Amino acid sequence: MLKYDSKYMFSPKIKEKAIKKEDLFDFKKNGFKDSLTFRKLIYDDTSKIKEIGNRIKSKFSTYVVVGIGGSDLGSRTIESAISTKNGLEVKFIGENTDPDEIADFFKGIDLKSTIFNIVSKSGETVEIIANFLYIKNIIYSSLGNKGVSENIVITTSSPGSTLHKLSQEYDINVIEGVADVGDRFSVLSVIGLLTAHVLGCDIDKFLEGARSIDDKTNSNSPNENDALMFAELNYLSFQNLGKNISVLMPYSQNLRNFGFWYRQLWAESLGKKLSNSGDIVHFGLTPVASVGSTDQHSQIQLYNEGPNDKIITFIEVDKFKNDLEIKALDSLVSYLNGKTFSDIIHTERLATSISLMENGISNGTLHIDEITEFSLGELFYFFELAVSYIGDFANINTFDQPGVEKGKEYMYSMLLKPGFEEQKKHLDEIINENI
Ligand code: PA5
């Protein structure tokens with residue numbers, strides 16, 4: 001079971017930069033849990049996802065996710081975290097419009113045995129539309145119209161969107177996404193779970209893990225609800241102590257991508273200019289995705305001796321799938337004899353945590369038993385919940401992302417998309433301005 005060890009957030013050694021236990025508060029907001037639209041996903045029936053996944057598995061050997069942001073990061077996290085896969089090979093393209101990456105990607109693809117799932121909640125994202133058009137043309141050239149309609153599927157929640165219309169034009173099947181849940185909160189739906197099923201995972205276990213965290217939210221006390229404790233500590237560190245950086249550092253290579261998933265969830269949900277009452281607040285702790293032990297040799301110097309403006313959270317995997325013993329008979333290295341790689345990685349995490357604490361840097365550790373479907377479900381839901389609590393404490397809208405829109409409008413106007421003529425005029429003035 002996931003556990004949050006927050007001891008070193010309160011240590012007296014952290015002095016004036018530590019949170020005081022008396023600042024913690026009970027969270028009593030009627031209807032909060034029911035207002036979380038992503039919550040209903042974890043009680044959903046998964047048979048439809050399995051049915052679609054089984055059809056895909058029976059016909060293809062490679063499954064490619066073509067998505068960006070919340071339509072991509074959850075699937076990537078699952079693919080890299082779960083190592084005991086017995087399903088299809090899963091690949092990713094579409095999170096960028098880097099032509100070199102795309103050209104190289106197709107050099108290693110056997111189109112006939114590959115299905116491309118074009119995932120876009122809005123059905124309007126330019127990176128995904130561009131990738132879709134490129135993929136469609138490649139498939140058409142070698143497999144014709146039949147290939148286009150059989151080797152591509154589109155997942156979207158937006159009927160009437162550009163991608164949806166294109167699906168009708170090219171006779172491509174559409175998988176229905178989730179309508180009222182934001183992309184970055186959608187990993188525990190068809191968006192992440194179809195990838196998981198195709199990989200050969202037990203998708204119900206993800207939801208079981210998430211539900212075990214949800215059960216704890218019946219308590220309003222941070223001492224009984226770890227996600228609430230974690231949220232309060234982050235929020236109070238920002239409000240009371242001016243810490244505005246949140247570092248997540250799993251000590252696990254397989255959880256490296258979890259850091260990228262967390263980074264989007266945290267940044268888009270919590271970085272907000274306006275409060276719900278319309279006041280300018282510029283709220284947000286900048287998320288940093290780090291990985292141990294690698295970043296001990298890259299980032300820890302800064303975390304330990306740079307500005308004391310961070311709250312650091314480690315993820316410890318209590319039991320790894322493999323345990324490799326080291327034989328070290330040479331006297332120079334005999335201290336390692338009989339130790340395992342897990343002994344070393346656990347020791348590194350603990351040593352780093354203590355050295356930071358002694359230096360006055362608050363840090364906490366999330367423990368998971370092993371990396372499994374269940375514990376990934378716990379982790380995903382823990383962070384979705386924690387982010388929702390923090391947004392609520394800060395009185396901001398956790399679920400929108402207005403700061404992303406302006407850049408998108410400018411890009412569309414520069415690419416001459418119809419409907420953006422006004423923005424184009426405005427941009428031309430700026431670009432030609434003589435400063
Ligand atoms: O959180 C968000 O809404 C965004 O970052 C999206 O994940 C990203 O823009 C992709 O959107 P879509 O799935 O609509 O293509």
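Fair warning: this is a prediction, and the values are worked out from it, not measured in the lab. For ligands, and for the atoms within them, numbers begin at 1 and follow the listed sequence. Throughout, numbering of the chain's residues begins at 1 and tracks the sequence.
A side-chain hydrogen bond (donor to acceptor under 3.5 Å, both in side chains) with Tyr251 is found for one member of Gln296, Glu316, Arg349, His346 and no other, namely Gln296.
Ring planes of Phe399 and Phe38: tilted class, angle from 30 to 60°. Between Phe116 and Phe106, the angle of the ring planes stays under 30°, which puts this pair in the parallel group of the 30/60° scheme.
Glu127 pairs by the salt bridge (Lys or Arg N to Asp or Glu O under 4.0 Å) definition with nothing, not counting sequence neighbours. Not counting sequence neighbours, the partners of Ser219 by the side chain to side chain donor-acceptor pair (under 3.5 Å) test are Glu224.
For Phe25 and Phe393, the ring centers are positioned less than 6.0 Å apart.
Protein heavy atom closest to atom 15 (O) of ligand 1, with residue, atom name and distance, is Thr125 OG1, 2.5 Å. Remark: minimum distance from atom 6 (C) of ligand 1 to any protein heavy atom is reached at Asp183 OD2, 3.0 Å. The nearest heavy-atom contact from the protein to atom 9 (O) of ligand 1 is Lys408 NZ, 3.9 Å.
Separation of atoms CD (Glu378) and NZ (Lys205) is listed at 12.0 Å; rounding is to 0.5 Å.
Residue Gln401 has at least one heavy-atom neighbour below 4.0 Å for each of these atoms of ligand 1: 3 (O). Against a heavy-atom cut-off of under 4.0 Å, Arg184 is close to the following atoms of ligand 1: 1 (O). Near Gly69, meaning under 4.0 Å from one of its heavy atoms, ligand 1 places the atoms 7 (O).
The proximity of Glu268 to ligand 1, defined as any non-hydrogen pair under 4.0 Å, is limited to the side chain. Only side-chain heavy atoms of Gln264 come within less than 4.0 Å of ligand 1; its backbone N, CA, C and O stay farther off. Of the heavy atoms in Ile68, both backbone and side-chain atoms come closer than 4.0 Å to ligand 1.
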- Item | Verdict with supporting geometry, Thr162 and Glu124, side chain to side chain donor-acceptor pair (under 3.5 Å) | CA-CA 6 Å; Thr162 305; Glu124 298 295 347; 2.6 Å; yes

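Close N/O approach between Gly70 and ligand 1 is found [any backbone or side-chain N/O within under 3.5 Å].
Ligand 1 lies out of reach of Glu127, whose nearest heavy atom is not under 4.0 Å from it.
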